[in-house]
Amino acid sequence: MDILTVRTVTKRFGGLTAVSDVNLDVRDREIHGIIGPNGAGKTTLFNVISGAYAPTSGTVTFNGRTINGKKPHEIAQLGLVRTFQRNAMFPTYSVLENVLLARHLQAKQGLFKAVFASDRKQRAKNLERALEILEFMELIDQKDTLASSMAHGHQRILGIANALAVEPKLIMLDEPVAGMNPTETALVTDHIRRLRDDWGITVVLVEHDMRTVMGTCDRITVLSLGEKLMEGLPGEVASDPRVIEAYLGSDEWDL
Amino acid sequence: MDIATLIQTISNSIVAGSVYAIIAVGLAMAFGVMKMANFAHGEFFMAGAYVVYVFYALFGWPFPAAVLMAIPIVGAMGVATERLIFLPTRGNVLAGFMATAGLAFILQVLVGQTWGVGLMRSVPTPYMGAADILGANIGWQRLLIIPTAFAMLGLLWFFLYHVKAGKALRACAQDPETARLQGIKINRMTMLAMAISGASAGLAGALMAPIHPVTPYMGHGVILTAFIVVILGGMESIAGAVLAAVLLGFIHTFVTTVSDAIVAQMVGVAFMAIVLVVRPQGLLGRVKA
Amino acid sequence: MNWKEPLLAVVLLVAAGVAPFTASTYSVEVLILFLINLILVSSYRILTTTGDWSLSHVVMMGTGAYATALLSKWWDLPIFLTVPLAAVVAAVVGLIVVTPLLRTKGFGFFIASFALGELIRLSWIKFRDPFGGARGMIGIPSGEMWEIDFFEPIPYYFFVLVVAVASLLFMYRLDHSRIGKTFKAIYTDEGLAESLGIDVQRFRAMAFVTGAFFAGIAGSLLAHRLGAIDPKNFDVNTMVYLIIWIVVGGTSTFWGPLIGLTVMTIVFEWARPLLEWRPLLFGGILIFFLIFQPGGLEGVFAQVRDRLAARRRGKADRTSAGNQES
Amino acid sequence: MLSLKDIWIHYGMVAAVKDVSIDVAEGEIVTLIGANGAGKTTTLRAISGLHAPTRGDIVFRGKSISGMTPEQINALGIAMVPEGRRVFPYMTVMENLEMGAYLRTDRTQTRKTLEEIFHHFPVLRERNRQLAGTLSGGQQQMLAIGRALMSEPDLLLLDEPSLGLAPIMIQEIAKIISQLHALGRTIVLVEQNARLALRLAQHGYVMETGQIVLHGVAEELRHNEQVQKTYLGA
């Protein structure tokens with residue numbers, strides 16, 4: 001079953017077409033990679049899906065509901081949560097406070113109830129769940145560390161933990177291993193796999209780095225210059241000459 | 001409204017628009033180059049009026065000479081403000097803006113304590129008499145403002161579009177980092193922008209001195225109008241500021257004629273609020289990609 | 001979790017209870033104004049926690065003041081009704097004002113709020129009936145409760161004290177509630193908060209309206225005390241003073257604005273002999289803080305505390321190191 | 001001519017460039033290649049003065065330039081074409097070029113340079129009165145290169161000149177770069193299009209997570225397996 005479908009989505013900025021007529025099908029409980037060299041339109045597509053941009057044309061369906069035109073917070077509430085390339089955490093809070101805050105932000109209640117009710121029960125529940133998430137993401141040992149003073153790789157994982165606090169069905173990760181060394185990369189990709197394997201969360205991974213995508217994803221969609229180049233299994237993608245050319249450039253230059 | 005009143009109102013509108021344009025162009029320039037938002041811009045206007053008061057009314061210099069003095073003096077105040085306030089708060093528009101609110105207090109007190117607080121300084125009108133245009137009576141003192149505004153805006157336009165330093169100023173406004181890569185010294189440009197900004201506010205104040213009550217608090221009324229103009233025009237756009245100034249000059253004058261000055265202010269503010277909501281980038285503003 | 005804050009609160013409350021009996025009438029009046037300003041400055045902090053610095057906050061206060069004047073003059077309502085009703089009126093006006101403002105951010109918000117505030121203030125000048133035009137409204141009753149006349153400073157002082165304590169308590173709870181945390185999350189990273197499912201606009205509006213509500217209370221209390229109000233009471237000059245208090249104190253903790261107001265009230269009273277030179281002093285202080293101490297006094301306190309803690313820790317480390325050696 | 005000696009660059013606490021050393025000889029093209037976020041652009045920005053290295057030294061013509069402002073470095077003869085072109089959008093093509101020659105005072109010489117640039121990029125002459133923001137991506141790239149050349153720099157820094165351009169445009173830009181080399185220009189080229197960059201350059205440095213993992217003669221790197229691996233993980 002497809003949890004996320006993108007149909008003929010086009011996004012123009014003024015005269016520039018950043019994404020042109022793109023289709024995408026993400027199956028439930030898969031890790032789907034969207035790759036392509038710089039300027040391929042990955043980030044634009046990402047922003048269209050998460051609601052930051054409205055598409056110029058085309059539709060986006062998540063879990064059976066049309067979500068194009070909805071606001072980012074509405075999409076998040078429906079269970080499609082994105083992370084950011086950087087700063088996907090509140091830097092001046094501790095790790096535990098980060099996840100607790102992300103959970104607090106979920107509560108839907110009025111001003112007066114928030115101020116007057118003591119809601120110990122809810123607090124206890126939130127704390128329990130936050131600790132569970134940290135345990136799962138292997139951040140529990142650092143729960144009192146200030147987010148801004150954590151190692152780069154762990155900050156990225158905290159960003160994912162914050163997203164988990166929203167109880168998403170699908171997480172979209174924006175270049176989760178950008179600028180990381182191999183050890184950090186392995187740590188993050190390991191966590192990404194566990195999201196799907198242990199908690200059954202669908203993952204959409206937007207990445208520049210092919211290596212990460214190859215080892216982590218079930219299926220891959222390749223974009224180049226705003227258009228979909230191909231879609232397939234990692235092995236198919238890696239050996240496709242069009243993809244190699246998109247990444248390394250053609251070898252046939254007439255200088 | 002009969003023809004005479006209409007002509008009177010139109011000419012008053014142009015005069016008002018000219019003054020607003022001189023004031024607002026300076027504000028827009030400072031904001032454009034390095035996001036310097038000057039709350040004390042109204043006090044610079046006031047300072048220009050006091051320069052004329054001192055040199056013309058007290059020292060007895062010829063009126064045009066006194067007006068010209070306002071340009072370097074208030075221009076220097078602009079440079080000092082850049083060095084002392086905007087440079088240390090660079091990168092934080094609000095902090096610079098609030099700090100210049102403090103500067104406004106300081107200037108009001110200094111001027112008030114030197115030349116008196118409550119007293120309204122009257123600057124005698126140097127050019128008496130009025131032009132008679134189709135039955136409408138328009139004082140020469142007011143009419144004088146129109147060519148001065150044209151000359152000043154023309155000069156500024158020539159500077160920005162035909163002089164290297166002016167072009168560099170525009171380059172800084174569009175992309176400061178890339179401007180630096182061309183060897184353009186950004187710190188000189190911010191000083192230059194504030195010099196022009198101060199000088200234009202000072203010039204406007206100097207021209208208005210004979211027809212506007214000169215008090216330490218005369219900047220108050222000006223700052224709101226100036227910000228309305230700049231926001232209407234699109235914050236950083238100088239052409240936008242001029243267009244909006246003329247527009248607001250007409251709105252204010254016509255509404256004042258048919259109703260009163262307070263309603264005119266209200267209409268101006270409401271107009272700006274609508275523009276902000278419908279077109280946040282202003283009339284000629286650009287959406288930054 | 002923290003015993004220091006409640007203890008401090010008790011000490012302050014006792015001091016506040018004793019203060020009027022040891023002070024001159026003039027000082028009591030100053031204390032009344034101080035308490036009113038305490039509500040005002042604290043209510044302003046609510047908006048700033050979302051990052052929306054407004055220039056119309058004293059106009060919201062003025063809205064409460066004008067509402068009070070009208071309510072007590074037209075319908076002769078008692079003070080225990082005028083104060084909450086005025087707050088509601090200010091909140092409603094706040095909601096109307098903030099709706100277009102939400103389209104703007106940062107500096108744009110600041111300037112646009114200035115303009116919309118002026119629009120309201122100008123309407124008080126324009127509509128002589130009912131607002132009394134530029135000369136404002138006079139003859140606002142000081143109010144009474146249980147046959148105690150609030151024209152007397154000490155009874156009114158205690159009335160204001162009760163209202164102020166209740167208001168501050170509410171705002172303190174709000175600050176520490178999940179809503180207060182949401183405000184700060186929006187300020188820290190709007191995009192992240194949005195991605196976690198937060199309706200950013202709704203919470204920004206909520207902060208503005210709540211702030212307006214308490215500013216309305218402050219305005220109402222002020223109107224009853226002064227007996228006469230005019231549009232000049234709520235102009236941008238007053239607004240700059242509010243900004244000075246909050247910049248001097250800092251906004252990152254609940255206590256910052258309170259510290260700022262307290263210090264600046266003392267400076268204000270102390271500088272009374274300077275007469276007209278006072279604004280110069282205040283302008284200078286504002287510039288000084290924005291440039292050299294942007295975190296405000298609360299930042300200074302935090303630095304001192306951290307340094308002391310570090311020194312204490314340093315000592316402890318040295319002792320333990322010494323123990324290990326021996 | 002230019003050498004980076006063990007430089008480190010930090011963004012806050014994160015080290016974006018670690019212990020990088022690069023040497024550029026007069027008249028050659030040196031390319032820095034590597035995946036996104038490898039630290040190529042940061043390294044280039046350090047040379048141009050937009051980012052001060054936290055450790056190490058950058059020496060240009062025997063003089064240390066680390067810690068200088070971009071203005072000072074430009075005056076020494078280093079010009080940069082920033083990533084994403086960054087033309088002044090509301091200035092005409094001509095004005096953009098003039099800004100490139102901002103520090104030059106010799107009018108006739110400048111005029112000559114301008115003619116040379118128009119010779120390289122005829123389209124800029126045709127459109128010299130058009131606002132730069134209205135040019136196509138490829139034309140903007142040409143303008144950005146032209147603007148940098150206006151200062152007659154001894155060293156030209158190019159950041160991702162092929163980014164977001166259609167293949168035919170990339171070919172065009174590549175031709176121009178090789179022409180500039182033929183005319184004796186010294187160039188540091190940052191590119192994600194590795195094959196192209198290694199065809200153009202004489203020496204190449206491969207960056208990965210802020211470090212140089214490989215360097216050598218471009219022709220050899222072109223056939224190196226590790227280069228392929230850096231990009232494709234194959």
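Throughout, protein chains are lettered first and strands after them, A, B, ... in sequence-line order, and every chain is numbered starting at 1.
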Would you mind telling me which of [options] has the largest number of heavy-atom pairs within less than 4.5 Å of chain B?
options                    : answer
D:Pro89, D:Ala79, D:Ser151 : D:Pro89
D:Ala101, D:Ser48, D:Pro70 : D:Pro70
D:Glu98, D:Met91, D:Gln72  : D:Met91

Task: Minimum side-chain heavy-atom gap D:Met99-B:Gln174 below 4.5 Å - done: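 SC-SC contact between D:Met99 and B:Gln174 ruled out.
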Open item on the list: Within the 4.5 Å heavy-atom criterion, are D:Tyr102 and B:Lys167 side-chain neighbours or not?
Closed with: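 No - every pair of side-chain heavy atoms lies 4.5 Å or more apart.
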Task: Distance, nearest 0.5 Å, that separates OH of D:Tyr90 from CZ of B:Arg170 - done: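 Separation between the atoms: 12.0 Å.
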- [ ] Any chance you could measure B:Lys164, atom NZ, to D:Arg104, atom CZ, to the nearest 0.5 Å?
- [x]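 Result: 9.5 Å between the selected atoms.
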Task: Interface moiety of D:Arg45 toward chain B, non-hydrogen atoms closer than 4.5 Å - done: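 Side chain of D:Arg45 only, per the 4.5 Å heavy-atom cut-off to chain B.
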Open item on the list: I need the contact set between residues 67-95 of chain B and chain D: heavy-atom distance under 4.5 Å, sorted by residue number.
Closed with: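 Hits under 4.5 Å: none found.
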- [ ] Taking heavy atoms only and a threshold strictly under 4.5 Å, list by residue number the residues of residues 178-203 of chain B that touch chain D; give 'none' if the list is empty.
- [x]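 Hits under 4.5 Å: B:Thr178, B:Ala179, B:Arg180, B:Leu181, B:Gln182, B:Gly183, B:Ile184, B:Lys185, B:Ile186, B:Met189.
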More than 12 heavy atoms from other groups under 6.0 Å of [atom1] on [X]:
X        : atom1 : value
B:His162 : NE2   : yes
D:Leu183 : CG    : yes
D:Tyr11  : OH    : yes

